[in-house]
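Report on the structure given below.
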Amino acid sequence: MIMEIVGELINASRKKIRDDIKEKNSKVISKVAKDQYEAGADYIDVNAGIFVGKEKDYMRWLVKTVQETIDAPCCIDSPDPQVIEEAVKVHKGIPMVNSISLEKERYENMITVIKGADMKVIALCMSEKGMPYTKDERMKIADKLVNRLVSNNVAIENIYVDPLVQPIGSGDNLGIEFLNAVEQIHEEFEGIHTICGLSNISYGIPARQFANQTFMIMAITKGLNSAIMNPLDKKMMANIIAAEMLAGKDQFCEKYMNAYREELFNF
Ligand code: THG
């Protein structure tokens, strides 16, 4: 697939898995990693952010546990540069760092971990001024952040800009402003990736999956080429394959045909 999928399920903010992380239940973590990998995840997100003071220890354990089970890289999800630094040390292969932002302290401390290392980096559109709402606010942050990363010798291909999905319930235009930012980022920076935590869009509204699945299709038409999401959502995975074909990203419909043969549309 063109879309790079980051499996979101190993996140301590999820009630369903919180205690399994807390108790270091490697059997459950291994299974959730394996299930996501087999469903098509390219990266496994690991987030232990709720364990204040113990995040570093949990993060190291999560990275090791995931990588003992499957041969896939992790998306190391923490705002704390020290946590990222320690997790990267035990990580095999090329990790994705989630994330750096334009906030002064976070940028300065995070760039020392990233500089010169072979890793993917999520550039989250957040600044001292807080979260962006409009396309223009997102672009102001994205432009500064990408240029700064490039000047710190991070290759454009390794940058995943996250324009930040905001809940549609907080403003009617928050979906379209995000989508237009995705489009403009791809116009301005050839070879760059865009990424997002897709399910933020449906926070606080009912029938969340339906909104998430539809928003994904809309984002693909704007060029979104990676997402932090639940790869066990079969409808979502089928939508991605069809939308990418229809957006001209599947030469000779090959991936779509393969997915059909593998019965990925039978659910
Ligand atoms: N951008 C970046 N990283 C991110 C996000 C983002 N990491 C965290 C998050 N957003 C993406 N990951 C998840 C993981 C799980 C869930 C949502 C996003 C989830 N949420 C349900 C909810 O919100 O109701 C269930 C919560 C529960 O089980 O208690 O499952 O935007 N770069």
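Below, each value reflects all heavy atoms present in this structure, side chains not excepted, and no hydrogens, waters or symmetry copies. For ligands, and for the atoms within them, numbers begin at 1 and follow the listed sequence.
Contacts classified as side chain to side chain donor-acceptor pair (under 3.5 Å) and involving residues 139-150 (residues at least two apart or in different chains) are not found. Legend: salt bridge (Lys or Arg N to Asp or Glu O under 4.0 Å) pairs involving residues 213-223, not counting sequence neighbours, sorted by first then second residue: Glu183-Lys222. Screening residues 10-23 for salt bridge (Lys or Arg N to Asp or Glu O under 4.0 Å) gives no qualifying pairs among residues at least two apart or on separate chains.
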Name each N or O atom in ligand 1 that is under 3.5 Å from a protein N or O, and give the partner atom and the distance.
| residue | atom | partner | partner atom | Å |
| --- | --- | --- | --- | --- |
| ligand 1 | 1 (N) | Asp162 | OD2 | 2.7 |
| ligand 1 | 3 (N) | Asn98 | ND2 | 3.0 |
| ligand 1 | 7 (N) | Asp77 | OD2 | 2.8 |
| ligand 1 | 23 (O) | Arg208 | NH1 | 3.4 |
| ligand 1 | 24 (O) | Arg208 | NH1 | 2.9 |
| ligand 1 | 28 (O) | Lys15 | N | 3.3 |
| ligand 1 | 29 (O) | Lys15 | N | 3.3 |
| ligand 1 | 31 (O) | Gly197 | N | 3.4 |
| ligand 1 | 31 (O) | Asn200 | ND2 | 3.0 |
| ligand 1 | 32 (N) | Asn98 | OD1 | 2.8 |
| ligand 1 | 32 (N) | Asp162 | OD2 | 2.9 |

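Here CG of Asp233 is found 8.0 Å from CG of Asn239. Values are rounded to the nearest 0.5 Å.
The neighbour count for Glu108 CD, taken as heavy atoms of other residues, nucleotides or ligands under 6.0 Å away, is above 12.
Remark: the backbone N or O of Ile205 is not paired with any side-chain donor or acceptor of Ser202 at under 3.5 angstrom.
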